[in-house]
Amino acid sequence: MCGIIGYVGPRVARDVVLAGLRRMEYRGYDSAGVAVVSGGALHVRKKAGKIANLDTALESDPLPDTGIGIGHTRWATHGGPTDGNAHPHVSCNGRVALIHNGIIENFAQLREELQGSGITFASQTDTEAAAQLLGLEVAAGTDLAEAMRRVCRRLEGAFTLVAVDAAEPDRLVAARRNSPLVVGVGEGENFVASDVSAFIEFTRFAIELGQDQVVDVTAEAITVTDFAGAPAQTHPFEVTWDLSAAEKSGYDWFMRKEIYEQPRAVADTLLGRFNPDGSLKLDELHIPEEELRGIDKIIIVACGTAYYAGLVAKYAIEHWTRIACEVEIASEFRYRDPIITRTTLVVTLSQSGETADTLMAIRHAREQHAKVIAICNTNGATIPRESDAVIYTHAGPEIGVASTKGFLTQVAACYLLGLYLAQVRGTKFGDEIAAVMNELAATPPLIQQVLDSLDPIIALAHQFAEQRSVLFLGRHVGYPVALEGALKLKEIAYLHAEGFPAGELKHGPIALVEEGIPVFVVVPPQGRDQLHDKVVSNIQEVRARGAFTIVLAEEGDTEVEPYADVLFTLPRVSTLLQPLVATVPLQMFACELATLKGYDVDQPRNLAKSVTVE
Ligand code: AGP
């Protein structure tokens, strides 16, 4: 949500900034803008819509070549997506240009105060209040970094701010509270950005800014302080992936590329986390085993796809550990006054590690003295930094807004955590844990097998390209898979899609079934009580009412054949692990259908990749 980049160095800042904005397009935005400093003045261009509109504006009215610039892609919150509301915002005295990600909660009060002292506002944004405050500070002679600190001390809410001063052509300042910001460390050049993908082309060395810190950046120096001006501790890190991981590599969409990356991503998530004898080793889990043995409740908190991964995890964790496990949508969590004690373990799932709802949920949990384990894909992001321990998913950068490899690797990491807890608490014998672990380790080639057999799914997307409504059914861990299949269709193909527990159908949703409606059914492997047979009955129920049934069942399952209009066979895995193979065809169905409809698969309307506001 909102992409931010700033550059100081010998290159043409405008070009570096525009390239960075393009790499962050996936975050979601509806306007874009750039500002550079040259000849003692600010030069700003900004446009509503895609970066292409900004490119056109720059062609007719070019920016000067200069080594300092800032750029922004905005996802509208306060004020519509117009040219005027796009960032950067310039203080009315012309001194500073400022960009912002987040929400300044006390902006109305600040605006009123500033207007009262004669300041004219040019936009409806909350951001402009910060730009005006900063402009006043520097005009009064305050050093730029100190001016930024003073402004930050007056702001409430979440913000990443980056600013340049017309009178300081070699320096930019940035600040962060509850919103992401990384510094890219180059040789004789430096960067600030919302995420490393913006500058990975130029450097893999980065510094993660902590909460409530201000960074003062020139081409040669980076100085970090807290909001009071005291020198601050920083966390340098080296990015482990390279530019190619942030590019499409011949695929039409990042989403499609990321779907195909899943065997590798799951393998990387499992890598180094189990011993040859099948026992688990989660060295990064710096929570003493004794404390893990004392846990009497687990609460998983997450949003969207990550929440569905949490629902899968519940089945596995409860089955293996016999600890009660709740799964909660993060935005609801703290408002219901959840029962949390010192013996509650909160597990948070987040691909980006910056989701504000999830972050607030874990802060609440930690205030109540719960231990928090983050399962996250983004090194050094806020959520893992604010948790007691982290299991990184190692999926590589996920750029498509619709999460795919994020989901599968979150599920895989949850299995690891569940098995580890079972090992520590002795709720499963070593050979039982080893058997599951070995099966889990064998899933990447099976995911590949699914990817190699997706032609019937592609054909179905063509067949149903004009369809208005699609249903997804599952039971047990197949239920969250159904929810995930429906979410993928909603978010990228803009279709009415619903996922239901198949047994719940007869209590209402079956009324939605009409002649010809496609219904995907995830059939569990045979052998677990009557689960399989119950789902077969559910397929018959919808088929009897005219549904077109697309049945996902394990190979060799002949029992479902008579009831499937299309049968897609899944490799054999045990029930709990089935989401790793069953989700893939549903992801591809959505990707292909959205492509056929001509939609922007990677950047669906109204959505942002990293949702940094509550
Ligand atoms: C999934 O396709 C989504 N776009 C969205 O639901 C996402 O999973 C959710 O916002 C959580 O994001 P996170 O994993 O980065 O916290």
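Reckoned from all heavy atoms, side chains included, excluding hydrogens, waters and symmetry mates. Whatever order the structure lists ligands and atoms in, that order sets their numbers, starting from 1.
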Atom-level proximity to ligand 1, residues with heavy atom under 4.0 Å: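 Only Cys303, Gly304, Thr305, Ala306, Ser350, Gln351, Ser352, Thr355, Val401, Ala402, Ser403, Gln410, Lys488, Glu491 have heavy atoms that fall under 4.0 Å of ligand 1, ordered by chain and number.
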
Distance-only check: which donor-acceptor pairs under 3.5 Å involve side-chain atoms of residues 307-317, not counting sequence neighbours?
{"from": "Lys314", "atom 1": "NZ", "to": "Glu318", "atom 2": "OE2", "distance (Å)": "3.2"}
{"from": "Lys314", "atom 1": "NZ", "to": "Cys325", "atom 2": "O", "distance (Å)": "2.7"}
{"from": "Tyr315", "atom 1": "OH", "to": "His476", "atom 2": "O", "distance (Å)": "3.4"}

Is it possible for you to check whether Lys488 lies under 6.0 Å from the centre of the six-membered ring of Phe472, through NZ or CZ, and within 45° of that ring's axis?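 That pair does not qualify as a cation-pi contact.
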
Centroid separation Phe191 to Phe202 less than 6.0 Å: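 Under 6.0 Å, so yes.
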
Distance flag, aromatic centroids of Phe589 and Phe520, threshold under 6.0 Å: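 Distance test on ring centres: under 6.0 Å, yes.
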
Check this for me: Glu466, atom CD, are more than 12 non-hydrogen atoms of other residues, nucleotides or ligands nearer than 6.0 Å?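 Incorrect, the count does not exceed 12.
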
Look at the rings of Tyr494 and Tyr599 and say which category their plane angle falls in: under 30° parallel, 30 to 60° tilted, over 60° perpendicular. tilted

